[in-house]
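Read through the structure below, which is laid out as structure tokens, and then see the notes.
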Amino acid sequence: MDNTGKVSPGSSACVAPQTLKLEQWGLRLERPKNEQHGDYAVNVSPLAKQLRQGPPQIAEALNPLLDKAFQEDELGLHLIGGFINVSMSHSLLSKAIHHVLEQSQPGLNDDLAGQSILLEYVSANPTGPLHIGHGRWAALGDSLVRIFRHCGAVVTPEFYVNDAGLQVLKIGYSIYLRALEILHTKNPLSGYTQPTEFPYPGEYVIDLAQAFLSDTSKGSKNSDWVLQQFQHAQKELNPAPFEAIEADEEAAAKYDPVIQFALSTVLTQQQVLLENLGVHFEAYFFEKAYLHQRDLVTQVLDQLKHDRFAYMQDGALWLNSSEFGDEKDRVLIKSDGSYTYLAADIAYHHQKFSRLDDNGNPQYNRFINIWGADHHGYIARMRAAIQALGHPVEQFEVLLGQLVNLVIDGEKTRMGKRRKMLTLEDVVSEVGVDATRFWMVSKSADTALDFDVELATSQTDENPVFYAQYAHARCASILRNALHPPLNTQSVTDDESTAPFVSEAAYLEFEATLTPGHFAPLFQQFLPQETPETVLTALKQLILKLDSFEDSVIESARFATPHSLARYSLELATAFHRFYNTCRVLTPDPTLTLPRLFLILAVKKTLAQALELLGVSAPERM
RNA sequence: GCCCCAGUAGCUCAGCGGAUAGAGCAACCGCCUUCUAAGCGGUGGGUCGCAGGUUCAAGUCCUGCCUGGGGUACCA
């Protein structure tokens with residue numbers, strides 16, 4: 001989490017002061033807070049200390065340099081205090097539009113070129129449905145994957161499946177208990193004792209039990225298997241309480257069929273939902289098959305022991321994590337001989353660092369994990385283990401996200417407190433994929449998120465995703481009408497007004513010969529009912545917003561903050577809506593209409609790209 | 001106790017040490033015979049939790065305190 005890099009729009013389409021190397025001086029081009037000051041600005045104050053001069057004097061001294069560099073582009077410069085303010089000429093603004101139209105994908109850049117990132121997120125236990133919190137990590141993680149890739153990084157999104165350990169036995173046995181309960185209800189079993197509690201009490205377990213009983217993929221009937229288990233168990237309590245099963249390895253092993261069913265069923269449900277959300281993982285990493293069955297956990301622990309980073313005490317194996325800044329040492333092997341979750345996770349991370357590419361070099365140079373704030377205490381020990389194993393710990397990053405509160409009927413409810421848990425699937429089917437995803441990334445991961453189901457569905461005014469989508473749909477509508485006017489214009493009968501605003505031939509010719517010069521009429525010609533000053537203001541704001549898209553993408557990538565991109569999409573939508581209200585696009589005059597039309601095309605393209613990076617659809621109609 | 005996150009307009013939140021701290025929603029006043037009113041314009045609304053400190057400059061950095069959330073397992 002190295003946040004020292006400063007975002008500088010050095011790659012902006014219009015003003016490209018590469019010759020000035022602003023960044024090496026610690027300066028950057030920024031958007032002035034007050035629009036009246038100009039379109040861009042350079043604040044020279046950071047140089048004040050070094051040069052022992054007041055910012056205004058420095059600005060004065062730098063001005064000729066900048067003036068010279070920007071001369072070709074007809075920029076207007078003027079000084080206020082320590083600020084060099086830059087006003088863009090109409091020809092530069094035209095270039096900005098042209099640039100967007102030229103690009104295959106707006107905002108595409110190479111800011112993260114050379115980075116190879118393994119991004120692990122969600123990694124939910126395969127013991128139940130995903131909840132709303134998982135939804136936040138899914139939306140956040142997938143957006144980051146898209147954003148990182150847009151900045152030239154190679155990204156592998158990965159999901160770690162904890163399919164080993166106690167919780168897996170727990171869900172399997174719970175399903176068995178529920179299945180038995182169902183069979184007993186249908187046809188009373190002699191010797192059956194109603195269990196006082198289920199290891200996993202959730203209602204979804206009953207559904208899983210039902211599914212298990214009707215599943216015939218194994219050839220034999222699962223109900224027969226359940227009854228068999230029941231009859232073979234000869235304890236005073238039948239079925240036995242979970243504690244008895246847990247303590248007896250042989251007994252536990254008997255429940256393997258139902259465990260396998262649970263794992264594959266639950267994981268499949270999770271995967272279907274994630275894909276439905278547009279969240280795609282390149283790899284699912286299975287703890288049992290990839291770590292335990294390959295002895296990787298043992299090997300890692302042996303290495304730690306060998307290098308004296310792990311030691312025995314009180315019958316347990318401890319990691320010497322306090323040596324690396326953790327507040328205390330941590331257990332790796334419990335005194336009952338079983339591994340802790342940490343032990344397996346260390347092996348997993350060791351495996352991550354050990355992966356090689358085709359040339360035998362380390363495959364990744366960044367390892368990012370998205371964890372909930374409840375795992376915060378875990379960071380120090382994981383870092384300790386990574387250092388103990390000799391891996392570059394600075395390549396290990398944790399994005400800690402604050403938790404999600406579900407708001408129902410205006411009241412916050414903590415996850416799991418209600419007996420009837422509202423799952424992520426319930427929420428998505430209620431509010432839709434787009435609203436869910438946008439909502440989840442619209443706020444900084446550092447702040448706790450309230451997810452209000454009613455708000456996300458009903459009150460569209462408070463649900464900003466539609467605002468951005470509406471802007472896109474409006475653009476689409478204009479483009480449709482330009483070439484295919486609505487046929488149902490009964491009030492108008494003369495030929496001219498039923499014809500398209502621009503002919504397809506004119507459109508194609510304009511597109512084929514497009515140069516920045518084609519946009520000159522935007523700034524020069526207006527309809528009688530338009531106020532040039534108002535139009536120009538809205539137009540300029542819209543173009544500047546378009547031009548800052550790449551910077552916005554880079555910023556989101558560097559700071560891993562998709563929420564700033566969500567904000568950008570709303571700001572671009574605002575600039576567009578404002579322009580739409582001051583300036584008519586479709587007019588009878590092609591020289592006026594075509595440049596405006598292609599500006600709309602650039603807006604539509606950029607808006608669609610911004611939404612795409614957030615995994616939100618850009619509808620053609622609403 | 002210790003660790004992490006947050007505290008900015010009535011509400012939900014942006015805000016990369018730099019110009020007069022910004023959006024959305026809510027409130028109030030306007031704008032549809034014209035490309036989608038899921039839209040646009042305008043008005044009101046702030047001791048940036050509190051107290052110190054660093055700096056030419058602090059909502060932003062440091063220290064302490066207050067409030068809320070999370071964590072502090074031989075759970076996962």
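What's counted below: heavy atoms across the whole structure, side chains too, no hydrogens, waters or symmetry copies. Proteins get letters first, then strands, A, B, ... in listed order; numbering begins at 1 in each.
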Provide, to the nearest angstrom, the distance between the [atom1] atom belonging to [X] and the [atom2] atom belonging to [N].
X	N	atom1	atom2	result
A:K443	B:A23	NZ	C1'	13 Å
A:L400	B:A6	CG	P	11 Å
A:E571	B:G15	CD	P	11 Å
A:R567	B:C25	CZ	C1'	13 Å
A:L601	B:C35	CG	C1'	15 Å

Salt bridge (charged side-chain N to carboxylate O under 4.0 Å, His left out): pairs with one or both residues in residues 162-174 of chain A, sequence neighbours excluded
none

The criterion is salt bridge (Lys or Arg N to Asp or Glu O under 4.0 Å); which residues satisfy it with A:D374, sequence neighbours excluded?
none

Please state the P separation for the pair B:G39 and B:C2 - nearest whole angstrom.
49 Å

C1' spacing across the pair B:G17 / B:U12, given as an integer number of angstrom
27 Å

For nucleotides 59-61 of chain B, which of its nitrogen or oxygen atoms have a protein nitrogen or oxygen under 3.5 Å away, and what is each distance?
none

A:Y580: side-chain contact (heavy atoms from CB on, under 4.5 Å) partners, not counting sequence neighbours
A:R474, A:I478, A:F576

With sequence neighbours excluded, what pairs up with A:P619 under the side-chain contact (heavy atoms from CB on, under 4.5 Å) test?
A:Q469, A:S617, A:M622

Classify [X] by what it touches in the nucleic acid, base, sugar-phosphate, or nothing, heavy-atom distance under 4.0 Å.
X	answer
A:S477	base
A:C583	base
A:H37	base
A:S444	sugar-phosphate
A:A471	nothing
A:A448	sugar-phosphate

B:A23 phosphate, OP1 or OP2, under 4.0 Å from A:Y467 side-chain N/O
no

Phosphate oxygens OP1/OP2 of B:A37: is one of them under 4.0 Å from a side-chain N or O of A:R474?
yes

Where along nucleotides 71-76 of chain B does protein come under 4.0 Å, by heavy atom, of base (B) or sugar-phosphate alone (S), with - for untouched nucleotides?
SSSBSB

Going by side-chain hydrogen bond (donor to acceptor under 3.5 Å, both in side chains), name the residues that satisfy it together with [X], two or more places apart in sequence or in a different chain.
X	value
A:R596	A:E530
A:S338	A:D336
A:D111	A:R558
A:D39	A:K540

Given side chains that start at C-beta, do those of A:K545 and A:Y568 come closer than 4.5 Å, heavy atoms only?
yes

Is the shortest heavy-atom distance from the side chain of A:Y339 to the side chain of A:L301 under 4.5 Å?
yes

Evaluation steps, side-chain hydrogen bond (donor to acceptor under 3.5 Å, both in side chains), between A:T561 and A:S556:
CA-CA 5 Å; A:T561 52; A:S556 304; 4.8 Å; no

So, do A:F510 and A:F598 have ring centers that fall under 6.0 Å from each other?
yes

Let's see if you can work this out: which of B:A37, B:G18, B:G69 has an atom nearest to the side-chain heavy atoms of A:N43?
B:G18

Pull up the glycosidic torsion of B:C11 and say syn or anti, syn being anything within 90° of 0.
anti

Is it true that A:R383 and A:E397 have a side-chain N and a carboxylate O under 4.0 angstrom from each other?
no

Judged by atom type as modelled, is there a donor-acceptor pair below 3.5 Å linking the side chain of A:Q270 to the main-chain atoms of A:N125?
yes

Which dot-bracket notation, 5' to 3', represents the base pairing of RNA chain B when pairs are defined as Watson-Crick or G-U with both distances under 3.5 Å, crossing pairs as [ ], and inter-strand pairs as |?
(((((((..((((....[...)))).(((((.......))))).....(((((..]....))))))))))))....

Of A:F579 and A:N85, the one whose nearest nucleotide on RNA chain B sits closer to the 5' end is A:N85

Can you find a donor-acceptor pair, distance only, under 3.5 Å between A:N581 side chain and B:A37 base?
no

Among A:F286, A:Y284, A:Y348, A:W371, the one residue meeting ring pair (Phe, Tyr, Trp, His ring centres under 6.0 Å) with A:Y160:
A:Y348

Between protein and nucleotides 41-43 of chain B, what N or O pairs are separated by less than 3.5 Å?
from, atom 1, to, atom 2, distance (Å)
B:G41, OP1, A:R578, NE, 2.3
B:G41, OP1, A:R578, NH2, 2.9

